[in-house]
Structures are given as structure tokens and as C-alpha cells.
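Written out below as C-alpha cells is the structure these notes cover.
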Amino acid sequence: MSEQYVPQEIEPRWQEYWEAERLYYASDDDERRKLYALVMFPYPSGDLHMGHMRNYAIGDLFARYKRMRGYNVMNPMGWDAFGLPAENAALQADIHPSIWTEQNIADMKSQLQKMGICYDWGREVTSCLPDYYRWTQWIFLQLYDRGLAYKRMAPANWCPSCKTVLANEQVIDEGHCERCGTMVTKKDLAQWFFKITDYADELLEDLSLLENWPERVRVMQENWIGKSYGVEFRLGIDGYDDEIGAFTTRIDTVYGMTFVVLAPEHPLVGKLTTAEHREEVEAYVEKARQASEIDRLSAEVEKEGVFIGGYAINPMNGERMPIYIADYVLMTYGTGAIMGVPAHDTRDFAFAKRHGLAIPVVIAPPGWDGADLEEAHVEEGTMVNSGPFSGLPSNEGIERISDYMEEHGIGARKVYYRLRDWLISRQRYWGAPIPILYCEGCGTVPVAEEELPVVLPMEVDFHPTGTGESPLATVPEFVHTTCPRCGGAARRETDTMDTFVCSSWYYFRYTDPHNEKAAWGKEKADAWLPVDQYTGGVEHAILHLMYSRFFTKVFRDMGLTGIDEPFARLFTQGMITKLNPGTMKVEKMSKSKGNVVPIDDMVDTYGADTARTFILFVGPPELDAEWSDQGVEGSFRFLKRVWRLEMEEANAGKPSEGADRALRRKTHQTIRKVTEDIERFHFNTAVSACMELCNALVAHKEKQGAGPALDEGIQALLLLLAPIAPHVTEELWEKLGNGDSIHKQSWPEWEEELAAEEVFTLVVQINGKVRDKVEVPVSIGEEEAIELALSREQIQRWLSGKSIKKTIYVPGRLVSIVAN
RNA sequence: GGGGCGGUGGCGGAACGGUAGACGCUACGGACUUAAAAUCCGUUCUGGGGUAACCCGGGUGUGGGUUCGAAUCCCACCCGCCCUACCA
């Protein structure tokens, strides 16, 4: 009886060995080419399951593979450890956020280790520890110094019942508080922003440098930045000297304007509202102010609005137009005022219908007969009823009217971005304190660099303060301090930073994690960065990646790095889904939905190698994939087969020369395929190629017996599988009598000559349909192949009574005959 | 409304414009076993013909197009999922 494959007996041993050998620790001084592999560091929520494991299995495979390819690989790990769940745990379970976080980190670390996921733990970073957030605060100060951090009033989600600020994810069910269900409103608070808009153009332009990013992520970022070219022009107001600025991308439609709409918060609203409309307008403004953002932005809401009594003047034709306010006009985009052109904008069309306004056509649709429009014509066309510009194509009209407005000082070409500045203030305890003081005499004063870190106090009541302030405001020892400039009394800022700030620079810290003098040393960072391969969930396609790109560009401008872009190649993997027994729907695997497959269950039943093999085999890694318990069984069977292939005695027979040659061909073809598949991130087909080789080896062993060809095949199979199933391959490698760890071996090379086929199936098509197949040597030439094809009995039968028009020969594939 | 991703057997999925369905799962039949587990062998898109190795037809969401040849490229549409949301 041979030894059985019992993964639980071999896996812990190798995990300890790899860690003891520091096999996956990267040295800064290494002759080999560097490779920085990175998976997005997780929030330590404490519930790792097989859904998360896809990310880590991919990252681990890639790092192990590249190491075998001879790279000096750095594959670090850390924890995005500030955030709301820890604070909620403090309220609900009466456990300090730091303890809760620490425990979760320990749990997750042990689960990663159980799965054989190897990192350079010597570079571990934890964003909630002072030796990390000290530098997060330092970065804040640098942005402040450069004018990239500023404070202004901004609305926050506010629950009037809990008297607390809510994060967007705490606003659920169309604008209700997740705690008490009360309708969420807005509260204006003085809050800190980072001026990412200063970099909008560069963030957009440099997307073209990111050739190895998925197309969809680049498109999402492009849309998020939302650059639009247009004209900003001024409208006079009947009876006032004031002017209203309006931005439009369709200045060609300016002669069709019949009304103007202001945002409810527009500064001129109060002044321009006439007495008879005042009551209605004030009620509307109040309602808009109270409505939560989600409500306000809901597309289903009708395009309401109220007339304020005032009139604006169209600068092009002197027309007098009513001014409305409506909440679909945003104060935060453009000028907070729009020109209403009902004939050529769907929203304006609906608004005009509702308020009984005229809908004059100024861009003629093709074949327009002068009739009223059934719906807005938003496409291009020929300009009509547009004074001297009538008759022009609309795209030319845009240029001509823009020129005209610039010449006459009415307006100017202007670019607006959808991208807004990054609000980083959080009225929360569990985050990096913003290193700012408020002195009665000196005003806003940054904390001195040598005073960092501003340490988060431990003794805090986490309950809502009732004022919207952070719980830190209730800690006098924290709040009261002295001003570094004048020595007088000062108060500390009590807001903490958005956790996205912490996660926007951690990949710099990995390159120099123990530096106590600086966030990182430029030489070390520039030696490792940019990240060669970044892997994570597509849910971070916009915010995290945009903020990280922004930070990198700021760091570059500060001289802290020489790189322009932090992530050279990006891979976004799909989610793992599973049938949810509660809803009977296939949903994303998640603890809250109750459809998780826990790591421990997998390891106990099948071992880490099976779990890893399956998660890689389940489907294309960039797409969502459904978990299947039977599928896991299949991967387990495969590894058991690999085990027996090596461990069981072979037949006593002596292999034939032909069979050996065929087996070596399969071996070398598999090496080629697996290598190419891993390079292009097709892990599922890499696994199936290994399965095929295994099947071929088993068959050879049974029918032919042992020999050098079989040994070569087994060795190759183990090496190819090493990054996928690291434990079992390590164990079998040792049992083969090889001395050193399989993970220190070189990746196998294939020989084209051995991988080359001697024969292929020549397909013969007539008029595109397959009519015959014949085995031929690969050396066959075109003439020979066509002659052979035409001589085939089958083909002659199909061709009888027809004449051949043309023959096409595709080497190594087919002969295609066109006949009629 | 905008954007993205996808639609191929009973299921997950393979397939440089060139033999559609690799590999795996499931199911069924068989071998081994007192029995089970494990393992191994065979069948598994579909209609028709043949004792048979095989042969013929249909087939990649729908409808067109390009091509000797289309799952793959182009146009129009339908369906599903995800993200985003009144951006002037």
C-alpha cells in the first residue's frame, strides 16, 4: 500500500518551513531584476472566506511564478486598518477599536498562512499604528503647505434623530439612517478637502500611459473626471446690474433659449426673487436644502422648479426670459446656472412642457418641415432662427458663436470637470487625526512636523456627540493644546482623515517600511516602484486608484519620487458568487448574506492546495464565477491523481520509442502553454493544461511503464503546479529526492523542437464546409497538400459535376476549395 | 439617462478569422468490493441513416453584412448582471 495524500499532514510543515527560511522576503540588494507584485491590502474585517481568497491566490501564484522566473520579487502585505466597522464594534460589543482590529488582523494573518499565501511579513504595514499614520499626517502637512489641502463648508449626511453624521454607506433604503430609519438630511460643516481638481487634466492625460490597465477601468476613470469643453457666458438681468454666468457645451443652441434655471443655493436667488414669489421660493429652497443628496439626485423625480419673478436677457438676441430655480441644477458643477433650451435638451424639454414655455427650434432635424417637435432634438443639425449664424452646421456654429462671444466680451471658451475636490474630513474617532490646530491669535496652524504623530487617544466615549463632531471633541487632553507659533491656547482639529488617504500611499511605505526619519527614502522607493503588477477588486477602479495616482503625482512634484504613475499593470478580478439559500439567488459571497465558504472548512476538508487550485480553475479570473462544491471535489481528485502518479509503482513494461516521443511532446507543449497562460492571466486554462498533462502521464505509466520520459514529465508537472498548489508539489519534490525547495527551482523551459508536432490533421473544406480530414506530416507543402486533398475519394464525390474556382491553403491547418 | 461586462451542451467553461464544445462537474452504464467509500473504464449538443469504423443535416441570444470560411470582425436589435447617476 502506498502512502495516501493527506494534505492536512503536509501543509503546516511547509508553511512553517517557508516562513523559517524567509523564502518570500525580498532584499533591497539583489542582482536580479526587481518585480514589485502587489495585491490591494485588505480592511481587517475578520471574515476571510473563499471569495477573498481568489485575490490572494492570484497574487501568490504570480509572485511565486515570477520568482521561479528569476526575478527578485517583492510581495508585501498590510492592513487598511482604520475605518467605521471597528468603531461600530466598539459601540455594539464594547470592545476598543484597536483591540478589535488587532484581533482581526491576527485571525486573517493565520488564515492567509493556512492557505499557503506567502508574503514578505518583514514589510507589513498597519495603517492604524502611529508609526504609519504619523506619515499619513506628514503627507497631509505637505499638501497643506502646497495649498492642496483647504477647509470650507460642505454638507454632510445628518441623522436628525441620532444627531450624528453618517457615511454614505450608512445611508440606506433611499435616504434613511441605517441605525434608526429616520430620513437623512444635510448639515453644513467646515470640512477639509484635497485639491485633486488641480491634477484633473494630468490624471486624464496620463490614462494613455496605462497601456496595461484594463480598458474598462480607464474608461471609468475618464468618465469620472468628466472633462467637458464649452462656453461660459454672461446673461444680463432685467432691472439689475448683476449678471448670471452660465456654462454650456452647446452654445450653438443659444438662440433657442427660453428660460434660465438657477440652483436653489445660487447667491442671486434672494435678490432676484420678487415679493409675490418670495414665499413659494423660500419654501422650495428650504425643501431642497433638507432633501438628502440621494433623494435629490434620484432620476425618477420630476423636473420640478419654481419661477422666482425675475427675468434674464439673452445676450445674443436681447430676448427676455423667466428665471427659475430647480434642484436638478447643481451649485457644485459649472456656474450653478443653466440656459434652458427646450428644443434641444431632453431635460429642458420636459421642464418647458411642465411650465408651458415655448419650444423654438434652432437646430433643424433632417427633413424638418417646421412642425413642433415631439421630443427634444439633441443631435447635430443645421442652424435655423439663429440670426447671422442661421444656415451653419451646428458644430461649426459652436466655433463661430464662441469666437463672437469672445470678441464681444460676452463669454469665453471654458473647460469644466465633473471631478470634484476630495472631501477627507470624517467626524469619526477611528482614523488618522488631521494635524491642524486652531489658535485664537494665529488662526489655523499646522502641527509642526517634529510633533508628529498626533496620537489618537485611547480613552474615548465612542457614542455620538450630538453636535456632529468627532468623539475626539469630548477628550479635553486631546483638544486643548498650545500654539507652536505664539504659545497661546489652541484647540486641535477633531476630524480624522478618510481611510482612502491612508490607502493612497501604502505601496510607497512597503519599499521602506521601517524608516523613522521619513515616509520613505527616495532611492528605495524609486528602486522598487512602480508596482509591476497590481491585483484587486474592480470596486476600487475609481476612487482608490484615482487617489493613488493623484498622490503619486503630488509626491513627484515634491521631489519624493521619480515616477509619474504608481501601477504599471493592473488586473481586476471578478467576484466569487454563491447561491444564497435565503433568497435563492446567486449573490456575491459575503458574510452578511450568509453564503460564505469559510477558509477553515476548506482547509479541514480538502486542504489549501485543493482550495487554491479550484479557485483558479473555476473560470476566467477577470469574470465573476460561481462557487461549486462539486467543482472543489474535482480539483481534489486531480491533486490526488498527481500524488498517485508519483507515489504508486509503475507497470513493469518498457516504453516504446514512439510513446516516449509523444509524451515528451505533450510535456513540452504543456510547459509552453502554462507559461503563456500565466503571463496573460488565463489561470483556468493553465490548470486544465496541467490536468491534461497529468492524464497523459497516468496513461503512459499504465500502458508503457516508467522511464526517463515519464520522469521528465512528472518533474515538469510539479514545477508547473508549484505556484498553484505549493504544498503538495513541495512534498512530492522532496520525495523525488530533490534536495532544495521546489520554489527555489527555475521555471521549466520548453524546447520548440520537442514540442513540435510531426503530423497534423489537414482539414479539407468545400465552400466553407468540412468535407474530409486527413493526417499529414507537418512538412507537407502547399502543392502536395492540395493534390492530396483533391485526390481524396470523399472530396472527388463532392466535387463531381462542379468546377473548381479557387483553392486556399492555410499551412498546418486546411485546404479550402471553392467550387460551383 | 450615461458607462461597463456578459449571452456557447444538463452545469462552469475551451476555441491566433480555419475540425465548435478542450479541461472539469453532473448524470447514466460498467469494473473492483460481502457492501460502501476511494479508484478505474465507457457514454453524455441535437435530428436522421448504417451491423459497424462511420456518413448526412442543424447548432454559439435575434436579424442582417463582410469573407472561400464567423462563436470570433462590422451594423441593428433582444435579454441578464454590475457600476454610476439630473454634469448643463
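Labels below follow one simple rule: chain letters A, B, ... track the order of the sequence lines, proteins then strands, and each chain is numbered from 1. Remember, it's a predicted structure, so these values are computed and weren't measured experimentally. Computed from heavy atoms alone, side chains included, the values below leave out hydrogens, waters and symmetry copies.
Legend: residues meeting side chain to side chain contact (heavy atoms under 4.5 Å, CB included) with A:D677, ordered by chain and number and at least two apart, are A:K673, A:R680, A:H682, A:T685, A:A686. A:K227 meets the salt bridge (charged side-chain N to carboxylate O under 4.0 Å, His left out) test with A:D201; sequence neighbours excluded. With sequence neighbours excluded, the residues forming a ring pair (Phe, Tyr, Trp, His ring centres under 6.0 Å) with A:F681 are A:F62, A:F571, A:F683, listed by chain and number. Applying the side chain to side chain contact (heavy atoms under 4.5 Å, CB included) rule to A:K640 yields the partners A:Y5, A:F636, A:R644; only residues at least two apart in sequence or on another chain are considered.
Counted within 6.0 Å of CD on A:E787, heavy atoms from surrounding residues, nucleotides or ligands total 12 or fewer; the atom is thus considered open. Atom CD of A:E752 has more than 12 neighbouring heavy atoms from other residues, nucleotides or ligands inside a 6.0 Å radius.
The aromatic ring centroids of A:W422 and A:F193 lie 6.0 Å or more from each other. A distance below 6.0 Å separates the ring centres of A:F351 and A:Y324.
Side-chain proximity of A:P620 to the nucleotides B:rG13, B:rA88, B:rG58 is greatest for B:rG13. Of the candidates B:rG4, B:rU84, B:rA88, B:rG4 carries the atom nearest the A:R216 side chain, counting heavy atoms from C-beta on. Of the candidate nucleotides B:rG58, B:rU84, B:rG3, B:rU84 has the atom lying nearest to any side-chain atom of A:W224. Distances from the side chain of A:R420 to the nucleotides B:rC87, B:rA14, B:rA88 place B:rC87 closest.
Applying the salt bridge (charged side-chain N to carboxylate O under 4.0 Å, His left out) test to pairs two or more places apart or on separate chains, those with a residue in residues 759-775 of chain A are A:D772-A:R792. Within the structure, every pair that satisfies the salt bridge (charged side-chain N to carboxylate O under 4.0 Å, His left out) test and touches residues 686-701 of chain A, not counting sequence neighbours, is listed here: A:K666-A:E692.
An OP1 or OP2 oxygen of B:rC40 is reached within less than 4.0 angstrom by a side-chain nitrogen or oxygen of A:R644. At the phosphate of B:rC68, OP1 or OP2 sits under 4.0 Å from a side-chain N or O atom of A:K806. The phosphate of B:rU39 has OP1 or OP2 within less than 4.0 Å of a side-chain N or O from A:K640. Contact between the side-chain N/O atoms of A:Y333 and the OP1/OP2 oxygens of B:rA88 is found at a separation under 4.0 Å.
A:K805 comes within 4.0 angstrom of no nucleic acid atom, judged by non-hydrogen atoms across all strands.
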Short N/O separations, protein against nucleotides 22-28 of chain B, under 3.5 angstrom:
{"residue": "B:rA22", "atom": "O2'", "partner": "A:E692", "partner atom": "OE2", "Å": "3.1"}
{"residue": "B:rG24", "atom": "OP1", "partner": "A:N695", "partner atom": "ND2", "Å": "3.1"}
{"residue": "B:rC25", "atom": "OP1", "partner": "A:R637", "partner atom": "NE", "Å": "2.9"}
{"residue": "B:rC25", "atom": "OP1", "partner": "A:R637", "partner atom": "NH2", "Å": "2.9"}
{"residue": "B:rU26", "atom": "OP2", "partner": "A:R637", "partner atom": "NH2", "Å": "3.1"}

Using a cut-off of under 3.5 Å, enumerate the N/O to N/O pairs linking the protein to nucleotides 43-46 of chain B.
none

Check the interface with nucleotides 51-56 of chain B: list each N/O to N/O pair with the protein under 3.5 Å, or write none.
none

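Base orientation of B:rG10: anti, the glycosidic angle falling outside 90° of 0.
Within residues 813-820 of chain A, the residues having any heavy atom closer than 4.0 Å to RNA chain B are, in order of number, A:R813, A:L814, A:S816, A:V818. Of all the residues in residues 248-258 of chain A, A:T248, A:T249 reach under 4.0 Å from RNA chain B with at least one non-hydrogen atom.
Side-chain contact between A:M321 and A:L235: present, with at least one pair of heavy atoms (C-beta onward) separated by less than 4.5 Å. Considering only heavy atoms from C-beta on, A:I359 stays 4.5 Å or farther from A:T258 through its side chain.
On the C1' atoms, B:rU8 is 16 Å away from B:rC23, given to the nearest whole Å.
Remark: the A:Q765 side chain and the B:rG18 base include a donor-acceptor N/O pair separated by less than 3.5 Å.
Heavy-atom distances to RNA chain B give each of A:L623 and A:V763 a nearest nucleotide, and the one nearer the 5′ end belongs to A:L623.
Stem analysis of RNA chain B (at least three stacked-register Watson-Crick or G-U pairs, each with both distances under 3.5 Å) gives B:1-7 with B:78-84, B:10-12 with B:23-25, B:27-31 with B:39-43, B:45-49 with B:54-58, B:61-65 with B:73-77.
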